[in-house]
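Fair warning: this is a prediction, and the values are worked out from it, not measured in the lab. Counting from 1, the numbers follow the sequence of the chain as shown.
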Amino acid sequence: MKLALLLLIFFSVSMYEIASIREDDDRDLERQVQIMTKSPMKTFVTKEGDTIDCIEIDKQPALEHPLLKNHQIQTEPNVTFIRFRTPSNVKFVQLGLRESCPVGTVPIPRVRKEDLIRAKSVAKMPSSESQDALSQNVVSWRDDMTENIKYGGYGISNVYNLTLANDQVSSHNIWIETGPVNHINMIVAGWQVSPQLYGDTRPRLFTYWTGNGHRNGCYNMLCPGFVQVHRSITPGTLIDPSSIYDGPQFECFFQIHQDPTRKNWWLTVGPPNTIIGYWPSELFLYLRNGSLHTAWGGVGLAGRDGTCPPMGSGHKPDGNSRHATYFRDLLWFDATGLVHGPSTKIVVWVDKSKVYDLKNYGYRKRRIGYWISFGGPGGYCE
């Protein structure tokens, strides 16, 4: 009888604790939504169904971050733009087909509680460094010449449409990262397919940041931090059209570059050169003055059943640029804004599951630059 009574008490206390945790989580989510919600000057809905609020630029949710209370918005960067070079048989993606916000305002994707709930189920963006426990499904090509402080990275990628399960994520991106593994500072940008984050399986412009080993930061604009300056294109914008295996190829470039004066990290995509916004230097401890590492590659985040998604075109590289996803024209910036090709100290990481691969094809003719190709069909990878 005493044992049964003790078990009943234990069960009742446990259920109460679980209910309390759920209530705390719910209140926390509501607080986050309140922080991310500002009174709009205008609201519109994109053809993909995304609700966009036009918020005064100096009242945007990014400035609610505790480290940005005294931040002065920088409207234009002092950065170097790369002249986009492309082979004649390659076409460009289209960005910015959304409606523009009025002058003095910026587009902020509306954040709902259900968006935050879905985002919590998506794994944090892993480091390109293989020692990171999250990196089991990463393929990366990493410039590890730490004598060269890197103030940005640049690369051109062909973009594909992919079919994914609802809980899978496939990302193709540039990493800027520095710091110890447990307190890594990281900025990531590229293209991504994630039904959980976007509600569809179409490629989207995406970003991710953390200033303290994934204890803070987020994807895109789901938390304060990233300062939006462009009047129509935001992280999360649809990238269209997509490449076709052994058919037409559509490219997009991604550039992350630190402003030499204010030390903010700016995101530029294109073509044409389109400045989206920036991550203020106050968010980072180890990225205040350049980065030790720059990397290019992809991440496949497995679903609950242990199956990794297709990455890139869904095919492993075979030397044909129309068969697999690539990053080409790989470059990094020095403190003066000059660009350099990859160093001689390169670390290649391909996850142990063997569902992906990465090939280094080196420097090709001028219009292609330094070229790596990666990806694969996915499959069981636990």
Quiz item: Looking only at heavy atoms, which two atoms of D143 and M145 are closest? And how far apart?
Solution: OD1-N, 3.1 Å

Quiz item: Transitive ILVMFWY cluster of F44 at side-chain heavy atoms under 4.5 Å: who else is in it?
Solution: I52

Quiz item: Within the distance-only criterion (no hydrogens, no angle test), does the side chain of Q168 pair as donor or acceptor with the backbone N or O of A165 below 3.5 angstrom?
Solution: yes

Quiz prompt | Trace of the side-chain contact (heavy atoms from CB on, under 4.5 Å) decision for H293 with T146 | solution = CA-CA 7 Å; H293 308 287; T146 55; 3.8 Å; yes

Quiz prompt | Parallel, tilted or perpendicular: rings of F206 and Y219 (30°, 60°) | solution = tilted

Exercise. Give, for atom CG of L238 and atom OG1 of T46, the distance between the pair rounded to the nearest 0.5 Å.
Key: 8.5 Å

Quiz item: Which heavy-atom pair separates H323 from H315 by the least distance, and what is that distance?
Solution: O-CB, 3.5 Å

Quiz item: Got a salt bridge between D240 and K47, using NZ or NE/NH1/NH2 to carboxylate O under 4.0 Å?
Solution: no

Quiz item: With a 4.5 Å heavy-atom cut-off, do N289 and Y151 have their side chains touching?
Solution: yes

Self-check item: Chi angles and distances behind the side-chain contact (heavy atoms from CB on, under 4.5 Å) call for I184, H214
Solution: CA-CA 8 Å; I184 191 80; H214 306 292; 4.2 Å; yes

Exercise. Could you tell me the separation between the SG atom of C218 and the CH2 atom of W209, rounded to the nearest 0.5 Å?
Key: 6.5 Å

Practice problem: Locate the shortest heavy-atom distance separating Y160 from R322; write the atom from each residue and the value. | Solution: OH-O, 3.5 Å

Practice problem: Look at the side chain of N185 and the backbone N and O of H183, then say whether any donor-acceptor pair between them is shorter than 3.5 Å. | Solution: yes

Exercise. Could you walk me through whether D28 and K120 pass salt bridge (Lys or Arg N to Asp or Glu O under 4.0 Å), step by step?
Key: CA-CA 12 Å; D28 186 54; K120 287 180 71 173; 5.8 Å; no

Could you give the side-chain donor-acceptor pairs of residues 298-309 under 3.5 Å, partners two or more places apart or in another chain?
| unit_1 | atom_1 | unit_2 | atom_2 | d |
| --- | --- | --- | --- | --- |
| D305 | OD1 | T307 | N | 3.0 |
| D305 | OD1 | T307 | OG1 | 3.3 |
| D305 | OD2 | T307 | OG1 | 3.4 |

Exercise. Could you tell me whether a side-chain N or O of N212 sits under 3.5 Å from a main-chain N or O of R215, the two making a donor and an acceptor?
Key: no

Quiz item: How far apart are the C-alpha atoms of I256 and T294, what are their side-chain angles, what is the distance that settles it, and do they pass the side-chain contact (heavy atoms from CB on, under 4.5 Å) test?
Solution: CA-CA 10 Å; I256 305 170; T294 303; over 6 Å; no

Exercise. With rounding to the nearest 0.5 Å, note down the distance linking CD1 in I174 to OG1 in T207.
Key: 13.0 Å

Quiz prompt | Heavy-atom side-chain proximity of L95 to T274 below 4.5 angstrom | solution = no

Quiz item: Under a 4.0 Å N-O cut-off, is there an ion pair linking E282 with K69?
Solution: no

Quiz item: Taking the side chain as C-beta and beyond, is there a heavy-atom pair between V139 and D351 under 4.5 Å?
Solution: yes

Practice problem: Taking the six-membered ring for Trp and the full ring for Phe, Tyr or His, determine whether the centres of W265 and Y278 are under 6.0 Å apart. | Solution: no

Quiz item: If you round to the nearest 0.5 Å, how far is CE of M311 from OG of S313?
Solution: 11.0 Å

Quiz prompt | Backbone N/O of I233 and side chain of Q228: donor-acceptor pair under 3.5 Å | solution = yes

Exercise. Compute the centroid of each ring, for F253 and then for Y154, and state whether the two points are separated by less than 6.0 Å.
Key: yes

Quiz prompt | N-O pairing of K38 and D53 below 4.0 Å | solution = no

Practice problem: Taking all non-hydrogen atoms of both residues into account, name the closest pair between S170 and G312 and its distance. | Solution: OG-N, 4.3 Å

Quiz item: Where do S128 and E177 come nearest, in terms of heavy atoms and distance?
Solution: OG-OE2, 2.6 Å

Practice problem: Quick one: list whatever passes side chain to side chain contact (heavy atoms under 4.5 Å, CB included) with P102, sequence neighbours left out. | Solution: K42, C54, T105

Quiz item: If you count the non-hydrogen atoms of other residues, nucleotides and ligands that lie under 6.0 Å from CD in E30, is the total more than 12?
Solution: yes

Practice problem: May I ask you to decide whether R328 forms a salt bridge with E251, counting only side-chain N to carboxylate O separations under 4.0 Å? | Solution: yes

Quiz item: Which residues satisfy the side-chain hydrogen bond (donor to acceptor under 3.5 Å, both in side chains) test with K359, sequence neighbours excluded?
Solution: none

Quiz item: For the residue pair W191 and H172, is the inter-centroid distance of their aromatic rings smaller than 6.0 Å?
Solution: yes

Practice problem: Return the set of residues passing side-chain hydrogen bond (donor to acceptor under 3.5 Å, both in side chains) with Q192 (not counting sequence neighbours), or none when no residue passes. | Solution: S171, Y198

Quiz prompt | Atom pair NZ/SG of K352 and C381 - distance to nearest 0.5 Å | solution = 13.0 Å

Self-check item: Derivation of the side-chain contact (heavy atoms from CB on, under 4.5 Å) call for I57 and V106
Solution: CA-CA 6 Å; I57 189 170; V106 291; 3.9 Å; yes

Quiz prompt | Euclidean distance, L67 CG relative to N216 CG, rounded to 0.5 Å | solution = 8.0 Å

Quiz item: Given W141, which of Y370, W349, W175, Y326 fulfils the ring pair (Phe, Tyr, Trp, His ring centres under 6.0 Å) condition?
Solution: Y370

Practice problem: Please identify each residue that fulfils side-chain hydrogen bond (donor to acceptor under 3.5 Å, both in side chains) with T234, with sequence neighbours left out. | Solution: R98

Exercise. Of all the heavy-atom pairs spanning C252 and V93, show the shortest one and how long it is.
Key: CB-CG2, 3.6 Å

